[in-house]
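Below is one structure, written out as structure tokens, with a few remarks after it.
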Amino acid sequence: MFKKLAIVFVSVFCVMLAVPTIAPNLSKYFPSWIEPVPLGLDLKGGAQLLLEVDTATMLKEKSEQLYEETRSALIDRNKGVIRFSNLRNHDGVVSLVVRNEDEVSDAKGRLKSAFGGTVDITSDGKTIELKYSDKQKEEMVQDALARSIEIVRRRIDALGTKDPSIQSQGGKYILIQLPGVDNPERIKELIGQTAKMTFHLVNETVSPEQMASGRAPNGTEFLPYMDMPGQMVPVYSRVEVSGDSLKDSQADFDQNNMPVVTTVFDASGARKFAKLTTEHVNERFAIVLDGKVLSAPVIREPIPGGRGQISGGFSLQGAKDLAVLLRSGALPAPLQVIEERTVGAGLGADTIEQGKIGAIAGVIFIFIFLFIVYRGFGVIAGISLMVNLGMIIGLTALFGATLTLPGIAGIVLTLGMAVDANVLPFERVRDEVRSGVPTLRAVNLGFDRAMKTVLDGNLTTLICALVLFQFGAGPIRGFAVTLSIGILTTLFTCVWLTRLLVDWYMNGKNKKIGFIGGNKK
């Protein structure tokens with residue numbers, strides 16, 4: 001009895017999950033966690049972007065960082081200065097010449113301590129070379145891709161975009177599908193910004209003549225204002241505080257009711273920011289975002305506690321967008337939009353409408369066929385088939401999977417397999433009846449002997465679907481998801497539900513079975 005109740009409960013529960021999708025007007029009567037199946041780009045319309053992760057620029061920046069960190073490691077005054085010359089970075093290889101041959105071993109040891117196993121370090125006489133191996137570069141590329149996907153996801157989620165699809169493709173590409181978005185320009189602008197924020201001191205010793213010449217002193221860069229590109233600011237190259245230390249950022253208003261962005265640093269960043277503002281009172285520091293100066297205020301007093309404020313003539317929307325970028329984190333590599341497509345909502349609506357008509361017609365013809373050939377058992381098979389369809393839709397909604405055209409193809413294929421899974425036991429029952437076995441025993445034998453074939457056929461298909469999901473992308477995954485769910489629901493309805501309904505129909509008696517070609521006695 002418990003098994004029968006469990007079968008009925010699971011069937012009813014999964015079908016109820018499908019009601020908000022099948023009848024959206026009834027969704028208000030269901031809990032908030034039971035939602036309709038989200039539609040994909042090809043059904044709902046929207047925008048699709050294909051982004052390329054600029055790994056070449058990232059590797060170049062890593063090489064430049066290696067150059068700076070090598071210099072810092074060798075001139076560490078706490079450990080002693082190792083004299084060297086000819087420090088240079090050529091094609092990703094950092095090389096230097098240690099002046100005193102006796103210090104070569106110490107220099108290598110200090111560099112290995114600084115970089116660990118992340119860099120290959122070799123020496124030839126007094127010359128030391130540092131570079132990333134091909135394996136290390138590949139790991140950095142894969143890490144940059146994974147981090148970029150996560151940051152893009154956080155930025156898009158912060159905008160309130162519903163049901164976005166974000167996934168890697170081809171090793172260095174990110175495919176973004178935004179159902180319901182017909183103008184992706186703002187999203188492109190936000191996800192395309194690296195959002196790398198740093199804090200630098202302003203070099204006040206630079207003369208107007210040097211600024212006019214465009215030749216910056218060593219250790220200084222001329223960076224443009226974000227809102228005034230023609231005006232340059234001389235900033236020290238040294239990063240005093242990195243945006244990596246930011247813990248939170250929000251859009252707010254200052255005392256003059258002007259939009260600003262408030263920032264909160266973590267413990268490490270708060271200490272650095274407090275030290276910066278304490279040691280450089282009455283000096284200017286520049287807030288730099290992606291190589292452009294947001295603002296360069298004067299430090300009026302020390303700022304402890306790790307809380308700051310960025311002002312720069314923002315609009316309210318501009319302040320909100322910047323807060324989203326800073327809160328989401330900086331991209332490890334620039335992103336380039338290499339393909340953009342927009343799908344109109346009307347095309348998806350036509351597809352859905354035609355799909356409904358086709359589905360209804362298909363179900364009617366299947367029901368007629370099953371009833372003509374298998375009579376009462378055919379009605380049971382039809383009921384099982386409809387429950388199966390409801391379970392597929394309900395579980396798809398429960399798991400939050402997005403329904404696409406390939407997903408619909410997976411459902412159609414599954415329903416065809418479900419008809420076959422129901423027909424096989426019926427055919428075995430008919431064979432047993434022909435051989436003179438009483439109908440009640442024929443039903444038991446028919447189902448028992450057909451189950452191995454049903455299980456083998458569906459499980460092998462499930463394995464294929466899982467392989468498609470693991471190694472496929474985009475539409476292939478959508479097809480694999482609905483196919484996998486459909487196979488599981490087909491096994492449930494055929495192995496347990498159909499058998500339960502047949503047992504109720506037979507009611508423990510040797511009833512006549514009106515199969516075509518079967519013995520009715």
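Annotation: side chain of V37 is in contact with side chain of I393 (closest heavy-atom distance under 4.5 Å). The shortest distance between side-chain heavy atoms of T21 and L403 does not fall below 4.5 Å. Counting heavy atoms from C-beta outward, T55 and K137 have side chains that stay 4.5 Å or more apart. The shortest side-chain heavy-atom distance between L488 and L395 does not fall under the 4.5 Å cut-off. Between F199 and V235, every side-chain heavy-atom pair lies at or beyond the 4.5 Å cut-off. The shortest distance between side-chain heavy atoms of E204 and R284 falls below 4.5 Å. Counting heavy atoms from C-beta outward, Y132 and K62 have side chains that approach closer than 4.5 Å. Counting heavy atoms from C-beta outward, L39 and P179 have side chains that stay 4.5 Å or more apart.
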Q: Evaluate the criterion side-chain contact (heavy atoms from CB on, under 4.5 Å) for residue pair E103 and F84; output intermediate values, then yes/no.
A: CA-CA 10 Å; E103 294 182 327; F84 61 90; over 6 Å; no

Q: Given side-chain contact (heavy atoms from CB on, under 4.5 Å), test L178 with I156 step by step and report yes or no.
A: CA-CA 9 Å; L178 306 168; I156 291 178; 4.1 Å; yes

Q.
Between L316 and K320, is the side-chain contact (heavy atoms from CB on, under 4.5 Å) condition met? List the steps.
A. CA-CA 6 Å; L316 178 58; K320 289 181 178 179; 3.9 Å; yes

Q.
What verdict does the side-chain contact (heavy atoms from CB on, under 4.5 Å) test give for L398 and W33, after you've listed the backbone C-alpha separation in whole Å, the side-chain angles of each residue and the deciding distance to 0.1 Å?
A. CA-CA 8 Å; L398 181 65; W33 55 271; 4.2 Å; yes

Q) Is there a side-chain hydrogen bond (donor to acceptor under 3.5 Å, both in side chains) between S123 and K108 once you walk through the steps? A) CA-CA 8 Å; S123 63; K108 288 182 63 177; 3.3 Å; yes

**Q.** CA sep, side-chain torsions, deciding dist, call: E339, R341, salt bridge (Lys or Arg N to Asp or Glu O under 4.0 Å)
**A.** CA-CA 7 Å; E339 182 181 321; R341 282 191 285 172; 3.2 Å; yes

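For N100 (side chain) and D102 (main-chain N/O), a donor-acceptor pair under 3.5 Å exists by modelled atom type. The main-chain N or O of A401 is never found under 3.5 Å from a side-chain atom of T396 such that the two would form a donor-acceptor pair. Of the possible donor and acceptor atoms, one in the side chain of S213 sits under 3.5 Å from a partner among the backbone N and O of Q210. Listed for the T414 side chain is no donor-acceptor partner under 3.5 Å among the backbone atoms of G486. Side-chain atoms of H200 come within 3.5 Å of backbone N or O of Y236 as a donor-acceptor pair. Here the side chain of T70 pairs a donor or acceptor atom with the backbone of L66 at under 3.5 angstrom. Side chain of S484 to main chain of A480: a donor-acceptor pair is present (N/O by atom type, distance under 3.5 Å, no hydrogens or angles).
Remark: K172 NZ to E52 CD distance equals 4.5 Å, nearest 0.5 Å. Taking CG from D91 and NZ from K60, the interatomic distance works out to 11.0 Å, rounded to the nearest 0.5 Å. Remark: R71 CZ to N89 CG distance equals 11.5 Å, nearest 0.5 Å. In this structure, CZ in F265 is found 9.0 Å from OG in S242, a value given to the nearest 0.5 Å. Here OG1 of T263 is found 6.0 Å from CZ of F273. Values are rounded to the nearest 0.5 Å. Here F115 contributes atom CZ and D120 contributes atom CG; the two are 12.0 Å apart, rounded to the nearest 0.5 Å.
Neither side chain, T262 nor D252, offers a donor N or O lying under 3.5 Å from an acceptor on the other. No side-chain donor from either of Q65 and E61 sits under 3.5 Å from a side-chain acceptor of the other.
The minimum heavy-atom distance between M211 and M232, with the atom names listed, is CE-O, 3.3 Å. Of all non-hydrogen atoms in P224 and P229, the two that sit nearest each other are CB-O, 3.4 Å. Contact record, F222 with P217: CZ-CD, 4.4 Å, taken as the closest heavy-atom pair. The two atoms that bring V281 and P302 nearest to each other are CG2-CD, 4.0 Å, heavy atoms only. Contact detail for A286 and V293: the closest heavy-atom pair is CB-CG1, 4.2 Å. When all heavy atoms of P36 and A397 are compared, the pair lying nearest together is C-CB, 4.4 Å.
Screening V53, I166, L51 for a side chain to side chain contact (heavy atoms under 4.5 Å, CB included) with I149, the sole residue that qualifies is I166.
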